[in-house]
Amino acid sequence: MPGSSVNLLSRFAEYSFWLGRYVERAENLARLLAVTETLSADSEDRDSWVSLIQTFQDEEAYRETGKSETGLLIARWYLIDRDNPNSVISVLTMARENARALRHLIPTEMWRHINMLHADVANLTARKVTLVRLNEICEQVRLGCQAHFGVVDSTWYRDEAWLFHKLGCEIERADETTRLMDISNYKLMASDNALLPTKSWWNWLLRQASAYQAFRRKHQINAEPADAAAFLLFDSDFPRSVRLSVLQAFSRLDELETDYQSAPGQKLLVARTALSSRLKNRPEPLAGETLHAYLDEVQKDLIAFADAIADRYFDGG
């Protein structure tokens, strides 16, 4: 890699990074689709589905399709539409292509599984994707993605390629957790109790984030809704929290510097410091517009952090 002591060629580092991001993105897209379907009273609940489009800033792209803004059509667009670069099938196709480019570096089991995962989604037709079946389909996608990470951790040699894969996964996970919270918070703000989220509301969000049991281990009685939001953002032990995902990403960078003599560079240090500072400052209250604004800033910091990684390791920086 030009300008560094990392032995892995920059293009393979980038393939590994994006393989991690794409599989994690597919899992989280499935989570968000399931969340939106649950939030919607029925397919005519336009606001919930439009908020999903807004979460990904896809308003113009969806408008250009000419499709109506119904739950079923939006769900299909995000699940199986190959013309949508943000759909589950599109990101899994990109994941498979990145894995193909890494065939000499990844285990056979990993290559086989990514192909099976891709095929499972590719075989879905519009007729098979209904709102009644959406949660079932999304659960299958989530389990398939989680199995991918299990194969990665049990078979892939712990070298630079593995580090970049984990780095991509952790950045994507932090970003997607903020999006999961934001789309749920959007629905809450549209209600009459925007500043008074109910316990049942946040308990439901915790379940969607696979966080309910973990949260109850820390807050067994008299937990407040703000505690749930804080848990997803700031807990240092829950795997899907924003803070732990970011701390693990920092750890991967430290390993690259320590084990492979690859200093991060000034731009990456600045982006890392900004992101770290953001996560040390908890806003109050953790609901409504205050939470929305904070999540937006965290997302911007994560984008800047990922861009700095790309400049340093993938573009010969």
A.B. asks: Any carboxylate oxygen within less than 4.0 angstrom of a Lys/Arg side-chain nitrogen, looking at Arg100 and Glu97?
C.D. replies: yes
A.B. asks: Tell me every residue that passes side chain to side chain contact (heavy atoms under 4.5 Å, CB included) with Ser251, counting only those two or more places apart in sequence or in another chain.
C.D. replies: Glu255
A.B. asks: Taking only residues two or more places apart in sequence, or in another chain, which ones meet Lys67 in a side chain to side chain contact (heavy atoms under 4.5 Å, CB included)?
C.D. replies: Tyr62, Thr65, Leu73, Trp77, Asp81
A.B. asks: Sequence neighbours left out, what passes side chain to side chain contact (heavy atoms under 4.5 Å, CB included) with Glu284? Give chain and number order.
C.D. replies: Arg282
A.B. asks: Could you give the distance from CG (Asp159) to CG (Leu105), rounded to the nearest 0.5 Å?
C.D. replies: 7.0 Å
A.B. asks: How about Phe250 and Phe305: are their ring centres within less than 6.0 Å of each other?
C.D. replies: yes
A.B. asks: Applying salt bridge (Lys or Arg N to Asp or Glu O under 4.0 Å), run through Glu27 and Arg240 and close with a yes or a no.
C.D. replies: CA-CA 12 Å; Glu27 180 186 348; Arg240 304 196 68 84; 3.5 Å; yes
A.B. asks: Any ion pair linking Asp254 and Arg272 (charged N to carboxylate O, less than 4.0 Å)?
C.D. replies: yes
A.B. asks: Is a side-chain donor or acceptor of Arg11 paired with a backbone partner of Glu14 at a separation under 3.5 angstrom?
C.D. replies: no
A.B. asks: Counting the benzene-type ring for Trp, do His148 and His165 have ring centres under 6.0 Å apart?
C.D. replies: yes
A.B. asks: Relative to the ring of Phe164, is the ring of Phe314 parallel (under 30°), tilted (30 to 60°) or perpendicular (over 60°)?
C.D. replies: tilted
A.B. asks: Using 4.0 Å as the upper bound for N to carboxylate O, is an ion pair formed by Asp153 and Lys166?
C.D. replies: yes
A.B. asks: Could you check whether Arg63 pairs with Glu60 (Lys NZ or Arg NE/NH1/NH2 to Asp/Glu carboxylate O, under 4.0 Å)?
C.D. replies: no
A.B. asks: With a 6.0 Å cut-off on ring centres, are Phe149 and His113 close enough?
C.D. replies: no
A.B. asks: Could you tell me whether Arg173 and Glu176 have a side-chain N and a carboxylate O separated by less than 4.0 Å?
C.D. replies: no
